[in-house]
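Structure record follows, encoded as structure tokens.
Computed from heavy atoms alone, side chains included, the values below leave out hydrogens, waters and symmetry copies.
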There are 2 protein chains.
Amino acid sequence: MTEHPPAKARRGRPRQAEVARLAGVSQTTVSLVLGGNKQGIVLHPDTRARVLEAAKELGYVPDPAARRLAAARNNLLGVFSFTATFPTAVEHSYYPFLVGVEQEAAVHGYDLVLFTGSSSGGAQAGTSGALERVRLADGCLFLGRHVPADELRRLVEHGYPAVHIGRRDELEGLAWVGADYVEASAEVVRRLAELGHRRVVLVREDDDAPASTDRERGVREALDAAGLDATDAVVRAADPATDITADWLRGRLTEGVTAFVAEETDTGAAWRALLAAVEDAGLDAPADLSLALLGSPPADLAERPEPTGFDIPRAELGAAAVRALTTLLATGETESPLVACAFRPGNTAGPAPAP
Amino acid sequence: MTEHPPAKARRGRPRQAEVARLAGVSQTTVSLVLGGNKQGIVLHPDTRARVLEAAKELGYVPDPAARRLAAARNNLLGVFSFTATFPTAVEHSYYPFLVGVEQEAAVHGYDLVLFTGSSSGGAQAGTSGALERVRLADGCLFLGRHVPADELRRLVEHGYPAVHIGRRDELEGLAWVGADYVEASAEVVRRLAELGHRRVVLVREDDDAPASTDRERGVREALDAAGLDATDAVVRAADPATDITADWLRGRLTEGVTAFVAEETDTGAAWRALLAAVEDAGLDAPADLSLALLGSPPADLAERPEPTGFDIPRAELGAAAVRALTTLLATGETESPLVACAFRPGNTAGPAPAP
DNA sequence: ACTTCTCGCTAATCCGCATTAGCACCGAAA
DNA sequence: TTTCGGTGCTAATGCGGATTAGCGAGAAGT
């Protein structure tokens, strides 16, 4: 007869109201005890204890959405990647970031929300508003070579705390953490120069991601600094697999090029192409020519000779990103640190062959 | 003087209320137009158009927190692993699950919250109530060989939607998805029998995880079915590295054993020990004896000959787990599917040597 | 002309939590 | 006895949107 709502009784997670009932206090009090009580309202220790016990007994956990809505924070950090976060194919590329992110987030008491849908055409991938969902979290990390700049800009302009993993200063006000590709790439070229190489070629993808342009810049700067010829020193290959062939390689060799440097990308296409071309040409590195990789080799090429180049401290970058984000959340201060990469001697580069 | 709140006026994004004002309709109408309008309420096309235009003009984007709050579900799935979710060392063991989980979650429009045994709330890690944190998500996936059964039971009894990756029927009411280790292991043994092996030994860890006992069962069943001698057919090695030696191997060989099967575990210890013993004994597989691995080889052993055995469809398992969880959330129905493993011919097993 | 129906739209609530205002009580000061 | 100042707690409200109940007005039926 009466319209009692007991049907909802055991439905879903316990609310503060239920904790309140069990503890014999008001919902407000529960909120005060469980939330920070930043208002400095005085509560009797016994009440406090009762509430805590009731909450534990019921297994109460605050609803993150409600917390956010009430203009508070929910201790959730988002991670949004523009290429799938767990892509089968490029396994090794992004995973290490998460290692660092996860650890550092734990240190700061945050849980991680992985925003999916960026990957694998999920429920609403590609939708123009897809980025907005990250607002559920207190702040968010963004990851990927290509990022929808306008959407991200909107978030940032509205004051949403965001940190990009990877340099990205063209986007005013966006905090980021980046690897110092310029310096790391320059160092690789300097080493090659020291080994006697007078002409070096960089093979990069035909793409203007900061990660690529930074590497090119480093290479060019080092060439300049060493007084080397930078003519045709950079090759943009739209499709490395077809552009970088044994013939092409021989051609460059006859021009006096003795060292080839490839940039690392998600797919490692440039490096793969280079290795294939060298093999096809029946040549050997580092005997006939030197090779270097501006980054880490793809996982499936692990058994190949270790490439000369540098390692990107991915876990460290992930951790730095979390630190930047928590700082942003706490103080509102934007910081964009540049993390150094470690030179990796490897064994694909050697002294330049005598002319 | 007056305590007007205009400070918040131009703050942040537009609300539905503002869109409504601009379009000259009510907030409800805006919600109807912009939201799904699952109620099938009839709206005039013109009204609809006006609202859409107003929304576009203002650049309206719904607040995900509010949306989720009103919907009484936050579209979050938890992933809880009892070993760190992102362990650098055992990288390959759990990672593939996540690949499948992430993709399938995206398909269903869920985002992921990552909980790890270690992190779970930096503030109060290790607390016995650590598991309660997962209640933050609509439902949760559990992952790991060893799981605190009583804590999990509490959650399940409270009606919390949980799915375990890996068979686990001893826990009444818990849904799980598992690989069919019994059948897969049996098949491996059947193949060995077909190759003429009359005595087969399984090397397993001294541990009662379902994943181990299932494999043993499959092996025993296949031995029985083939009418083979199952005496001493199973060896429990607390520490495979010291128990499985070249001497031990020779001993078994003289007893007539011609094939050795190892189970796969996080560390791959049993398989490693077996390989080492064979090498130490100066023997060769598959010439002198046959080897098989009930699972996939550890990543660092990739360059070794491909083990005969089976592959665990980890990504598929992850995806199946998400499907089971979403079904549980939607219909309340618990399902526990068993996913088949694919036999991997490999090249460590061959015909039994003539006696 | 009077009841019924749609059709189109809106007022009122609720979701779960945080915050604001303020109430009831009690001992101390006047 | 009245007033005052804490102390300890709660009612009420709002965040932004989804949902439910239901209200006018014109069309249709009788």
(Q) Checking B:Ser336 now: which residues fulfil side-chain hydrogen bond (donor to acceptor under 3.5 Å, both in side chains) with it, not counting sequence neighbours? (A) none
Q.
If I take atom CZ in residue A:Arg21 and atom C1' in nucleotide D:dT10, what distance separates them, rounded to the nearest angstrom?
A. 16 Å
**Q.** Atom-pair distance (CG on B:Leu69; C1' on C:dC15), nearest Å
**A.** 4 Å
Q: Mind checking salt bridge (Lys or Arg N to Asp or Glu O under 4.0 Å) for B:Glu170 and listing every partner two or more places apart, or none if nothing turns up?
A: B:Arg168
Q. Once you round it to whole Å, what is the distance between P of D:dA18 and CG of B:Asn74?
A. 15 Å
Q. Counting just side-chain N and O atoms, does B:Tyr60 come under 4.0 Å of either OP1 or OP2 of D:dG17?
A. yes
Q. What is the ring orientation for A:Phe142 with A:Phe80, classed by angle as parallel under 30°, tilted 30 to 60°, or perpendicular over 60°?
A. tilted
**Q.** Contacts of B:Ala137 that satisfy side chain to side chain contact (heavy atoms under 4.5 Å, CB included) - sequence neighbours left out
**A.** B:Leu76, B:Tyr160
Q: Send over the distance from B:Glu18 CD to D:dG16 P, rounded to a whole Å.
A: 9 Å
Q) Can you list every salt bridge (Lys or Arg N to Asp or Glu O under 4.0 Å) pair that touches residues 25-36 of chain A, not counting sequence neighbours? A) none
Q: Quickly work out the A:Arg68 CZ to C:dT19 P distance and round it to whole Å.
A: 13 Å
Q. Quantified as the angle between the terminal helix axes (five pairs each), what is the overall bend of the helix from C:dA1-D:dT30 to C:dA30-D:dT1 to 10 degrees?
A. 70°
(Q) Any salt bridge linking B:Asp169 with B:Arg167? Criterion: basic side-chain nitrogen under 4.0 Å from a carboxylate oxygen. (A) yes
(Q) Less than 4.0 angstrom between a side-chain N/O of B:Arg67 and OP1 or OP2 of D:dG17, yes or no? (A) no
Q | salt bridge (Lys or Arg N to Asp or Glu O under 4.0 Å) against B:Arg154, all qualifying residues, sequence neighbours excluded | A | B:Glu132
Q.
I'd like to check the side chain to side chain contact (heavy atoms under 4.5 Å, CB included) partners of A:Val61; sequence neighbours left out, ordered by chain and number.
A. B:Arg135, B:Leu136
Would you tabulate the nitrogen or oxygen pairs shorter than 3.5 Å linking the protein to nucleotides 6-12 of chain C?
from	atom 1	to	atom 2	distance (Å)
C:dC9	OP1	B:Thr47	OG1	2.2
C:dC9	OP2	B:His44	N	2.5
C:dC9	OP2	B:Thr47	OG1	3.2
C:dT10	OP2	B:Ser26	N	3.1
C:dT10	OP2	B:Ser26	OG	3.2
C:dT10	OP2	B:Thr29	OG1	2.4
C:dA11	N7	B:Thr28	OG1	3.4
C:dA11	N6	B:Thr28	OG1	2.9
C:dA12	N6	B:Thr28	OG1	3.4

(Q) Distance check needed: C:dG16 P versus A:Leu136 CG, whole Å only. (A) 15 Å
Q) What salt bridge (Lys or Arg N to Asp or Glu O under 4.0 Å) pairs are there with at least one residue in residues 49-75 of chain A, not counting sequence neighbours? A) A:Arg13-A:Asp63, A:Arg68-A:Asp138
Q: Round to the nearest Å and state the distance from A:Gln16 atom CD to D:dT10 atom C1'.
A: 14 Å
**Q.** Spacing of A:Asp63 atom CG relative to C:dA18 atom C1', expressed in whole Å
**A.** 13 Å
